[in-house]
Participant: 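First the structure, then my questions, so here it is.
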Protein chains: 2
Amino acid sequence: MTTSEENYLKVIYHLSNLSPKGVNTNAIAGMLDTKASSVTDMLKKLSDKELVNYQKYQGVFLTEKGKLSAKMIVRNHRLWEVFLVEKLGFAWDEVHEVAEELEHIRSEKLINQLDKFLNFPSFDPHGDPIPNAKGEMPTIAKQLLSEIEIGSTITCVGVKDTSVDFLQYLNKQQISLGTNITVLEKEAFDGTIKIEINHAVLVISDKIANNLFVK
Amino acid sequence: MTTSEENYLKVIYHLSNLSPKGVNTNAIAGMLDTKASSVTDMLKKLSDKELVNYQKYQGVFLTEKGKLSAKMIVRNHRLWEVFLVEKLGFAWDEVHEVAEELEHIRSEKLINQLDKFLNFPSFDPHGDPIPNAKGEMPTIAKQLLSEIEIGSTITCVGVKDTSVDFLQYLNKQQISLGTNITVLEKEAFDGTIKIEINHAVLVISDKIANNLFVK
DNA sequence: TAATATTTTTAGCTTTGTCTAAAAAATAAA
DNA sequence: TTTATTTTTTAGACAAAGCTAAAAATATTA
Ligand SMILES: [Mn+2]
Ligand SMILES: [Mn+2]
Ligand SMILES: [Mn+2]
Ligand SMILES: [Mn+2]
């Protein structure tokens with residue numbers, strides 16, 4: 001499988017979770033920063049290889065084979081992210097780009113030994129679950145901060161948006177995985193939330209609250 | 001720079017040491033398992049980028065810029081080989097293929113942090129020197145086992161041939177970097193050498209003796 | 001339901017890196 | 001120093017992955 005094919009598979013996998021009735025050509029193009037016509041070409045190729053079920057104009061689905069391949073790429077990506085943070089001292093906002101390259105290195109032994117070296121981690125630096133060698137991964141009951149009731153104290157366990165901008169905002173506010181958060185007030189008008197973290201009070205927008213996973 | 005360009009540069013770099021009066025098109029083709037016509041095309045491209053000095057029919061030389069680029073790829077390759085052996089438990093005959101892929105990951109921070117994580121190693125698992133971030137690397141006075149006089153006891157410090165076949169032969173004979181070797185006899189007729197290693201006597205061919213570096 | 005807008009696909013072109021076959025240059029042999 | 005051989009380059013073609021512009025299908029709106 002080529003790097004390009006792997007990138008398409010991974011994007012289809014991520015989009016499948018959001019739109020379970022077939023992934024759109026345009027959605028894929030948007031994620032890969034390419035054109036719809038290029039996506040159509042690739043879908044035919046992936047279909048020939050039986051990695052996706054594709055019918056003209058009807059959206060695309062991963063086959064079981066395609067889903068497993070996608071999970072293995074996600075596994076690689078997230079294990080490398082753990083390596084970069086835990087072993088090489090990268091910050092959580094610096095790892096994604098490099099992991100995008102490392103995830104395509106083809107070696108079963110490499111990834112399984114890396115997994116072992118890292119002590120079989122269950123989650124990556126952004127709180128996302130890491131599939132094991134069989135493609136199984138933990139499902140954790142997590143909620144968005146925006147859904148939490150006033151007065152509750154919860155813990156940050158992940159981010160929905162993993163963009164550098166968002167992660168650096170969180171750095172600035174000293175919010176990281178494991179940070180405890182108490183919801184003090186919610187503004188009905190615009191969804192703004194007042195929270196307490198690290199013994200300080202902070203007002204965050206609904207956009208922030210909609211991208212922080214807590215438990 | 002593309003992966004393909006990097007592979008050409010690296011091969012030209014390695015061949016330059018052997019043929020300092022210009023590297024031949026066919027030699028490059030042989031190393032990369034490609035055709036001479038493809039090499040010619042690439043040489044023009046590398047020349048346009050001022051990575052090599054190339055004149056039709058006259059062989060090719062690396063420019064200073066090209067030499068530094070090549071050294072950085074060699075640096076990546078050898079650091080990853082150290083990582084695979086030291087941290088992930090690979091054997092020295094298992095690392096080359098994976099390192100061929102890892103060496104092309106583009107990230108200054110990645111490679112410099114890896115270097116630090118590995119404690120700034122000077123040599124890779126095959127005894128080859130690792131260039132530092134500036135492209136400098138140690139030169140060590142080493143000889144081929146075939147050049148050693150009878151009666152001398154020396155230490156294995158590297159291999160000239162890094163093929164899987166040769167490395168596995170050495171595994172079988174329990175020869176690795178650091179192994180002490182005493183030269184007992186040399187056969188004038190065919191260059192066969194009788195040596196003592198690990199308190200055992202072993203007869204090796206001239207081909208073996210010509211591919212083992214000792215000091 | 002008919003007209004309009006959006007999405008998706010097709011057709012045809014481009015770039016990168018490869019190939020084969022033929023031509024040209026350099027080397028070696030006679 | 002011709003002739004033959006080997007090496008290298010050129011010419012033309014191909015597959016992968018992308019693009020633009022136009023056509024076709026689907027979805028939306030009036
Ligand atoms: Mn990532
Ligand atoms: Mn991640
Ligand atoms: Mn190697
Ligand atoms: Mn090596």
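In what follows, every heavy atom counts, from backbone to side chain, and hydrogens, waters and symmetry copies are set aside. Here is the naming used below: chain letters follow the sequence lines, and residue numbers restart at 1 for every chain.
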Participant: Should the pair Glu64(B)-Lys67(B) be classified as a salt bridge under the 4.0 Å nitrogen-to-oxygen rule?
Facilitator: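 Looking at Lys67(B) together with Glu64(B), the answer is yes, because their closest N to O distance falls below 4.0 Å.
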Participant: Lys215(B): what forms a salt bridge (Lys or Arg N to Asp or Glu O under 4.0 Å) with it, not counting sequence neighbours?
Facilitator: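 Here no residue qualifies.
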Participant: Dump the intermediate steps for side-chain hydrogen bond (donor to acceptor under 3.5 Å, both in side chains) on His96(B) and His126(B), then the final yes or no.
Facilitator: CA-CA 10 Å; His96(B) 184 74; His126(B) 312 104; over 6 Å; no
Participant: Show each protein N/O and nucleotides 2-4 of chain D N/O combination with a separation under 3.5 Å, one pair to a line.
Facilitator:
none

Participant: Rounded to whole Å, please give me the gap between OH in Tyr57(A) and C1' in dA27(D).
Facilitator: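 Taking atom C1' of dA27(D) as the reference, OH of Tyr57(A) is at 13 Å.
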Participant: Is any side-chain heavy atom of Tyr169(A) closer than 4.5 Å to a side-chain heavy atom of Ile208(A)?
Facilitator: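 Heavy-atom side-chain distance check passes, below 4.5 Å.
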Participant: For residues 9-21 of chain A, which side-chain N or O atoms pair as donor and acceptor with protein atoms under 3.5 Å away, sequence neighbours left out?
Facilitator:
{"residue": "Lys10(A)", "atom": "NZ", "partner": "Glu100(A)", "partner atom": "OE1", "Å": "3.0"}
{"residue": "Lys10(A)", "atom": "NZ", "partner": "Glu100(A)", "partner atom": "OE2", "Å": "2.8"}
{"residue": "Lys10(A)", "atom": "NZ", "partner": "Glu103(A)", "partner atom": "OE1", "Å": "3.1"}
{"residue": "Lys10(A)", "atom": "NZ", "partner": "Glu103(A)", "partner atom": "OE2", "Å": "2.7"}
{"residue": "Ser16(A)", "atom": "OG", "partner": "Ile12(A)", "partner atom": "O", "Å": "2.6"}
{"residue": "Ser19(A)", "atom": "OG", "partner": "Leu15(A)", "partner atom": "O", "Å": "3.3"}

Participant: Other residues, nucleotides and ligands only: do more than 12 of their heavy atoms fall within 6.0 Å of NZ on Lys116(A)?
Facilitator: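 No, NZ of Lys116(A) has 12 or fewer neighbouring heavy atoms, counting only those of other groups under 6.0 Å.
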Participant: Within a reach of under 6.0 Å around CD of Glu136(A), are more than 12 heavy atoms found that belong to other residues, nucleotides or ligands?
Facilitator: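 Result for CD/Glu136(A): enclosed.
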Participant: Only pairs at least two apart or in different chains count here, so list each side-chain hydrogen bond (donor to acceptor under 3.5 Å, both in side chains) that has a residue in residues 31-40 of chain A.
Facilitator: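 As it turns out, there is no side-chain hydrogen bond (donor to acceptor under 3.5 Å, both in side chains) pair with a partner in residues 31-40 of chain A once direct neighbours are skipped.
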Participant: Give the C-alpha distance, both sets of side-chain angles, the deciding distance and a yes or no for salt bridge (charged side-chain N to carboxylate O under 4.0 Å, His left out) between Glu5(B) and Lys45(B).
Facilitator: CA-CA 9 Å; Glu5(B) 285 170 352; Lys45(B) 197 175 311 176; 5.2 Å; no
Participant: Any Lys/Arg nitrogen of Arg106(B) or Glu97(A) sitting under 4.0 Å from an Asp/Glu carboxylate oxygen of the other?
Facilitator: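 Salt bridge flag = no for Glu97(A) with Arg106(B).
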Participant: His104(A): which residues meet the ring pair (Phe, Tyr, Trp, His ring centres under 6.0 Å) condition with it, sequence neighbours left out?
Facilitator: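 Ring pair (Phe, Tyr, Trp, His ring centres under 6.0 Å) check on His104(A) returns nothing, list empty.
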Participant: Using 30° and 60° as the class boundaries, would you call the ring planes of Trp80(A) and Phe83(A) parallel, tilted or perpendicular?
Facilitator: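 Judged by the thresholds at 30° and 60°, the geometry between Trp80(A) and Phe83(A) is perpendicular.
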Participant: Can you run down the side-chain hydrogen bond (donor to acceptor under 3.5 Å, both in side chains) pairs that involve residues 156-167 of chain B, sequence neighbours left out, and say none if there aren't any?
Facilitator: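 side-chain hydrogen bond (donor to acceptor under 3.5 Å, both in side chains) check on residues 156-167 of chain B returns Asp161(B)-Ser163(B).
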Participant: Enumerate the residues from residues 43-54 of chain A whose closest heavy atom to DNA chain C is under 4.0 Å, giving them by residue number; use none for an empty result.
Facilitator: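 Per residue number, the list reads Lys44(A), Tyr54(A).
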Participant: Taking the side chain as every heavy atom from C-beta outward, state whether Leu110(B) and Leu88(A) have any pair of such atoms under 4.5 Å apart.
Facilitator: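 Contact flag for Leu110(B)/Leu88(A) side chains = yes.
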Participant: With a 6.0 Å cut-off (strictly less than), is the heavy-atom count around NZ of Lys65(B), excluding the residue itself, greater than 12?
Facilitator: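 It does: Lys65(B) NZ has more than 12 such atoms within range.
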Participant: Considering only heavy atoms, which members of residues 34-42 of chain A lie under 4.0 Å from some atom of DNA chain C?
Facilitator: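 The answer is Ala36(A), Ser37(A), Thr40(A).
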Participant: For Gln55(A), I'd like to know if atom CD has over 12 heavy atoms of other residues, nucleotides or ligands within 6.0 Å.
Facilitator: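 Open.
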Participant: Identify all stems in which DNA chain C takes part, counting only runs of at least 3 consecutive pairs (Watson-Crick or G-U wobble, each distance under 3.5 Å), and give each as one range with another, ordered by first number.
Facilitator: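 The stems are C:1-30 with D:1-30.
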Participant: Identify, with sequence neighbours excluded, every residue that meets salt bridge (Lys or Arg N to Asp or Glu O under 4.0 Å) alongside Lys44(A).
Facilitator: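 For Lys44(A) there are no salt bridge (Lys or Arg N to Asp or Glu O under 4.0 Å) partners, ignoring immediate neighbours.
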Participant: Between which nucleotides of DNA chain C, read 5' to 3', does contact with chain A run, using atoms under 4.0 Å from its heavy atoms?
Facilitator: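 Range of nucleotides within reach of chain A: dT7(C) to dT10(C).
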Participant: Of all of residues 3-24 of chain B, which get a heavy atom below 4.0 angstrom from DNA chain C, listed by number?
Facilitator: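 The stretch gives Ser4(B), Tyr8(B) as the residues lying under 4.0 Å from the strand, ordered by number.
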